[in-house]
Participant: 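Before I ask anything, let me first share the structure, which is written out below as structure tokens.
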Amino acid sequence: MAEAQAPQRGGNAEDVSAERLAEIGLRHEVDGEIATITLDRPEKRNAQTFATWSALARIGESLPEQVRVVVVKGEGPSFSAGIDLRMFTPEGVPGQGSFSSAAATDGEAFEQRIRQAQDGFLWLRRPEIVSIAAVQGHAIGAGFQLALACDLRIVADDITFCMKEPALGLVPDLTGTKPLVELVGLAKAIDICLTARNVYAEEAMRIGLAEQVVAGGDLDKTVQNKIAELLSTNRDAAAATKRLLQGARARTLEEQSAAEGREQAKRIKALFGPR
């Protein structure tokens with residue numbers, strides 16, 4: 001399957017209906033340079049469905065240009081307990097179908113549906129934004145992958161990460177495998193995924209899954225402090241630096257040095273060149 005591309009941004013936040021998002025179990029708020037996406041099905045521990053992923057993709061497509069920081073969080077005691085279990089039943093989720101109905105589609109249509117789901121996660125890695133997962137309680141399967149899709153993970157001390165898919169006969173396909181390997185290394189990623197074991201706060205911090213671990217009551221304040229730090233830097237320089245960091249693993253030292261020079265030339269010309 002060809003690698004999916006992140007959808008483009010630059011629409012209007014109002015393009016995504018708040019009423020429709022509420023039906024799906026999402027909230028989306030924009031306050032100047034900050035966008036907040038809240039998984040809002042606390043009675044279901046913020047379980048995700050096909051509609052969740054489609055709505056996340058639409059939010060990414062309609063994200064206003066001025067947004068620099070995107071916070072992803074969950075309402076209630078859990079970030080997200082993963083896939084809505086109704087998707088495993090023949091009846092599925094009303095209006096959305098099930099894995100059984102998806103399996104009945106032909107190969108190309110099925111792959112397209114997976115790519116559309118992945119679009120809801122890919123855009124969180126764009127160079128011009130920094131995405132923060134504010135994680136408390138359970139981040140299981142799709143919830144874990146949503147946290148992994150973000151640039152930074154600030155977590156409460158009660159978190160439980162788990163890549164549950166292999167235990168259910170599935171693979172993690174919501175763009176979570178690459179960041180997991182990059183964060184913790186191949187051996188640790190194999191251990192986490194193929195045992196489907198729980199990873200708690202202390203280990204998450206130690207192996208690089210979390211940037212900060214705080215008491216649950218301090219999570220919102222800590223995220224706000226991080227946002228203030230991120231917004232204190234130059235917008236264009238931050239985007240250019242993120243592009244450099246994202247490409248660094250795939251480049252040789254010489255290639256990375258050349259990329260740094262190109263980005264710096266653009267910055268110097270923008271700052272000091274003729275107006």
Side-chain angles (χ1 to χ4, degrees), residues 1-2 4-8 11 13-29 35-63 70 72-124 133 137-150 162-177 196:
M1 183 190 305
Q5 298 296 314
Q8 299 299 306
E14 284 70 31
D15 290 346
V16 183
S17 163
E19 291 76 14
R20 176 57 182 151
L21 289 179
E23 293 174 4
I24 294 168
L26 286 170
R27 297 200 312 271
H28 174 221
E29 299 151 333
T36 303
I37 300 168
T38 306
L39 304 176
D40 192 15
R41 299 179 68 209
E43 73 285 357
K44 298 290 187 181
R45 294 196 298 171
N46 299 320
Q48 301 174 37
T49 67
F50 292 124
T52 307
W53 305 327
S54 176
L56 288 172
R58 294 203 308 274
I59 289 171
E61 291 166 357
S62 64
L63 195 70
V70 177
V72 182
K73 58 191 293 188
E75 187 66 39
S78 291
F79 178 72
S80 174
I83 297 172
D84 191 317
L85 293 178
R86 291 178 297 173
M87 292 169 65
F88 291 89
T89 67
E91 299 78 15
V93 178
Q96 300 183 51
S98 65
F99 287 132
S100 295
S101 60
T105 60
D106 64 48
E108 184 174 344
F110 189 79
E111 289 191 4
Q112 177 63 24
R113 190 162 194 180
I114 292 174
R115 286 193 294 269
Q116 289 171 346
Q118 291 169 337
D119 283 345
F121 294 67
L122 286 169
W123 69 270
L124 290 162
H138 294 90
I140 310 298
F144 190 11
Q145 292 188 78
L146 183 57
L148 287 167
C150 294
C162 177
M163 199 66 85
K164 192 71 172 178
E165 284 84 350
L168 301 171
L170 304 173
V171 302
D173 68 338
L174 295 171
T175 78
T177 55

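What you are looking at is a predicted structure, and each value in this text was computed from that prediction instead of being measured.
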Participant: Starting at CD1 of Ile24, measure out to CD of Gln96 and round the result to the nearest 0.5 Å.
Facilitator: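 Those atoms lie 7.5 Å apart.
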
Participant: Checking side-chain polar atoms at under 3.5 Å, does Gln116 have a donor or acceptor matched by the opposite partner on Trp53?
Facilitator: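 Side-chain D/A pair, Gln116 to Trp53: absent.
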
Participant: Return the CZ to CG distance between Phe121 and Leu148, rounded to the nearest 0.5 Å.
Facilitator: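 Here the interatomic distance stands at 10.0 Å.
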
Participant: Determine which pairs satisfy salt bridge (charged side-chain N to carboxylate O under 4.0 Å, His left out) with at least one residue from residues 76-90, sequence neighbours left out, and list them in order.
Facilitator: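 Of all non-adjacent pairs touching residues 76-90, those that pass salt bridge (charged side-chain N to carboxylate O under 4.0 Å, His left out) are Arg41-Asp84, Asp84-Arg86.
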
Participant: Testing the basics here: between Ala147 and Ala133, what is the closest heavy-atom pair and its distance to 0.1 Å?
Facilitator: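 For Ala147 and Ala133, the tightest heavy-atom pair comes out as CA-CB, 3.9 Å.
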
Participant: Tell me whether the count of non-hydrogen atoms from other residues, nucleotides or ligands lying under 6.0 Å of CD in Glu43 goes above 12.
Facilitator: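 Counting neighbours around CD of Glu43, more than 12 heavy atoms of other residues, nucleotides or ligands fall under 6.0 Å, so yes.
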
Participant: Between the side chains of Arg115 and Gln118, is a donor N or O closer than 3.5 angstrom to an acceptor N or O?
Facilitator: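 Arg115 vs Gln118: no donor-acceptor pair found between side chains.
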
Participant: Considering residues at least two apart in sequence or located in another chain, which fulfil the salt bridge (charged side-chain N to carboxylate O under 4.0 Å, His left out) criterion with Lys164?
Facilitator: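 Lys164: no salt bridge (charged side-chain N to carboxylate O under 4.0 Å, His left out) contacts found.
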
Participant: Please list, chain by chain and in numerical order, all residues satisfying salt bridge (charged side-chain N to carboxylate O under 4.0 Å, His left out) with Glu91, sequence neighbours excluded.
Facilitator: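 Residues passing salt bridge (charged side-chain N to carboxylate O under 4.0 Å, His left out) with Glu91: none at all.
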
Participant: How many angstroms lie between atom OG1 of Thr38 and atom CG of Leu26, to the nearest 0.5 angstrom?
Facilitator: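 The CG atom of Leu26 is 8.5 Å from OG1 of Thr38, to the nearest 0.5 Å.
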
Participant: Is there a donor-acceptor contact under 3.5 Å from the side chain of Asp40 to the main chain of Ala22?
Facilitator: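 Flag not set: sc Asp40 to bb Ala22 has no pair under 3.5 Å.
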
Participant: Can you name the nearest heavy-atom pair linking Thr105 to Ala109, along with the distance?
Facilitator: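 Of all heavy-atom pairs spanning Thr105 and Ala109, the closest is CB-CB, 4.3 Å.
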
Participant: Say whether, by atom type as modelled, one donor and one acceptor occur between the side chain of Ser54 and the main chain of Ala51 under 3.5 angstrom.
Facilitator: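 Checking the backbone N and O of Ala51 against the side chain of Ser54, no donor-acceptor pair under 3.5 Å is found.
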
Participant: Closest approach of Ser98 and Pro90, non-hydrogen atoms and distance?
Facilitator: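 That would be OG-O, 3.6 Å.
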
Participant: Measure the CD1-SG distance between Ile140 and Cys162 for me, rounded to the nearest 0.5 Å.
Facilitator: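 Going from CD1 on Ile140 over to SG on Cys162, the span is 5.0 Å.
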
Participant: For Phe99, which residues count as a ring pair (Phe, Tyr, Trp, His ring centres under 6.0 Å) partner, sequence neighbours excluded?
Facilitator: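 If we apply the ring pair (Phe, Tyr, Trp, His ring centres under 6.0 Å) test to Phe99, skipping adjacent residues, the hits are Phe88.
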
Participant: Decide yes or no on side chain to side chain contact (heavy atoms under 4.5 Å, CB included) for Leu146 and Leu56, but give the supporting numbers first.
Facilitator: CA-CA 10 Å; Leu146 183 57; Leu56 288 172; 4.3 Å; yes

Participant: Of all heavy-atom pairs between Thr52 and Gln48, which one has the smallest distance, and what is that distance?
Facilitator: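 Taking Thr52 first and Gln48 second, the nearest heavy atoms are OG1-CA, 3.6 Å.
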
Participant: Restricting to non-hydrogen atoms, name the atom on Asn46 and the atom on Glu75 that form the minimum distance, rounded to 0.1 Å.
Facilitator: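 Closest heavy-atom pair between Asn46 and Glu75: ND2-O, 2.9 Å.
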
Participant: Applying side-chain contact (heavy atoms from CB on, under 4.5 Å), name anything that partners Arg113, two or more places apart in sequence or on another chain.
Facilitator: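 Partners of Arg113 under the side-chain contact (heavy atoms from CB on, under 4.5 Å) test: Phe50, Ala102.
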
Participant: Return the CG to CD distance between Leu174 and Glu165, rounded to the nearest 0.5 Å.
Facilitator: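 Result: 7.0 Å between the selected atoms.
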
Participant: Working to the nearest 0.5 Å, report the span between CG of Leu39 and NZ of Lys73.
Facilitator: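 Reported value, rounded in 0.5 Å steps: 11.0 Å.
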
Participant: Please enumerate all residues that pass side-chain contact (heavy atoms from CB on, under 4.5 Å) together with Ala103, with sequence neighbours excluded.
Facilitator: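 Ala103 satisfies side-chain contact (heavy atoms from CB on, under 4.5 Å) with no residue once adjacent residues are dropped.
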
Participant: For Leu124 and Val70, work out which heavy atoms get closest and say how close.
Facilitator: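 That would be CD2-CG1, 4.0 Å.
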
Participant: Okay, side chain of Ser17, backbone of Arg20: is any donor-acceptor separation there less than 3.5 Å?
Facilitator: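 It does hold such a pair.
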
